[in-house]
Number of protein chains: 2
Amino acid sequence: MNLTNAWNILKDNGYKETSKRNQILELFANDERYLTARDLLDVMQKDYPSMSYDTVYRNLATFVSLGILEETELSGERHFRMQCESDHHHHHFICMDCGKIKEIPVCPMDMVGAALPAYEIANHKFEIYGKCPECK
Amino acid sequence: MNLTNAWNILKDNGYKETSKRNQILELFANDERYLTARDLLDVMQKDYPSMSYDTVYRNLATFVSLGILEETELSGERHFRMQCESDHHHHHFICMDCGKIKEIPVCPMDMVGAALPAYEIANHKFEIYGKCPECK
DNA sequence: TTCTAATTAATAATGATTACGATTTACCTT
DNA sequence: AAGGTAAATCGTAATCATTATTAATTAGAA
Ligand SMILES: [Mn+2]
Ligand SMILES: [Mn+2]
Ligand SMILES: [Zn+2]
Ligand SMILES: [Zn+2]
């Protein structure tokens, strides 16, 4: 997901263009790591010292609901990053040091769907945690 | 994991036998769902009205560290359940209505280990969420 | 330019989790 | 069996992430 694409989605859904929204999106577009609300606020407050948590959380929720950001829970905190460009479903390795991710092209659901007859599957989570080559 | 087994582990590690610990373990031994600290406290306070959060969280941490309980994060809250009996590594389907689980015998790591050369893999999470046949 | 709904700031409230000093208890030693 | 001690628990406060509230500001349409 890139900036232009994100703004198209926002405009299509009637959201207004604000400088803060734009800077949040730029920040995510230039950072492949997972960030917390606090991470985001800290960076944003360099340019907007009065930026509030409400603005951060509200926009994060908006972006996630529109599929612009993806979200995961790491050690008890919500983390966000730009939705992957890749159009086919996949999963992630996440470096616990630097936060960078690596795509895992396979999905285990291909092998287990049949093992759950009569079950209604809503979603699933598959993540691998460790250290990337740079951090090892 | 059963009561006797759990107590053996606790005794081996120098933990004392208390009625509250025993009741917590009994509760988990008779409930295959994932429970939160609050769930646990609510049930325990029927027999021990003065039971405190400190006792709940301290014992949960102890049990997890000794491998008596397993833990996962569901919708932003820590959930706990008795460690599985099964001795071979596996994963779970979790019913989002009743909280019951079903074992998934496969592990996706069998297929992705080779896709991450030079990466140091520490752990992984694979869970499937939905509704079990009874709740559907 | 004017109007209006969306957005934001400032701050308080909430809910889960952790921390801490005082008290009680399990269990080892005598 | 009585006493001593470290572990366990209680009662409560503190912390931290997240959500809610209200008033002020602003983007975009008319
Ligand atoms: Mn990806
Ligand atoms: Mn299991
Ligand atoms: Zn998948
Ligand atoms: Zn596995």
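Remember, it's a predicted structure, so these values are computed and weren't measured experimentally. Note on naming: letters A, B, ... go to the chains in the order of the sequence lines (proteins, then strands), and numbering restarts at 1 for each one.
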Exercise for review: Find the distance B:R78:CZ to D:dA17:P and express it as a whole number of Å.
Suggested key: 15 Å
Check your understanding: Could you state the CG-P distance from A:D42 to D:dA17, rounded to the nearest angstrom?
Key -> 10 Å
Review point. Is there a donor-acceptor contact under 3.5 Å linking the side chains of B:Y34 and B:E71?
Key: no
Check your understanding: Are a donor atom and an acceptor atom from the side chains of A:T18 and A:R21 found within less than 3.5 Å of each other?
Key -> no
Practice item. Mind checking B:R58 for me? I need base, sugar-phosphate or nothing, with any heavy atom below 4.0 Å counting as a touch. Key: base
Point to revise | Strand-adjacent residues in residues 45-52 of chain A, judged by heavy atoms under 4.0 Å from DNA chain D | key: none
Does [N] have OP1 or OP2 sitting under 4.0 Å from an N or O in the side chain of [X]?
X: B:K16; N: D:dT9; result: no
X: A:Y57; N: D:dT18; result: yes
X: A:T18; N: C:dA6; result: no
X: A:R21; N: D:dT26; result: no
X: A:R38; N: D:dC16; result: no

Revision key, fill the gap. Taking C:dC20, C:dT8, D:dT19 as options, the one with an atom nearest any side-chain atom of A:N59 is C:dT8
Exercise for review: May I ask you to check whether A:H89 and A:H124 place their ring centres under 6.0 Å from each other?
Suggested key: yes
Practice item. Could you tell me whether A:E17 and A:K11 have a side-chain N and a carboxylate O separated by less than 4.0 Å? Key: yes
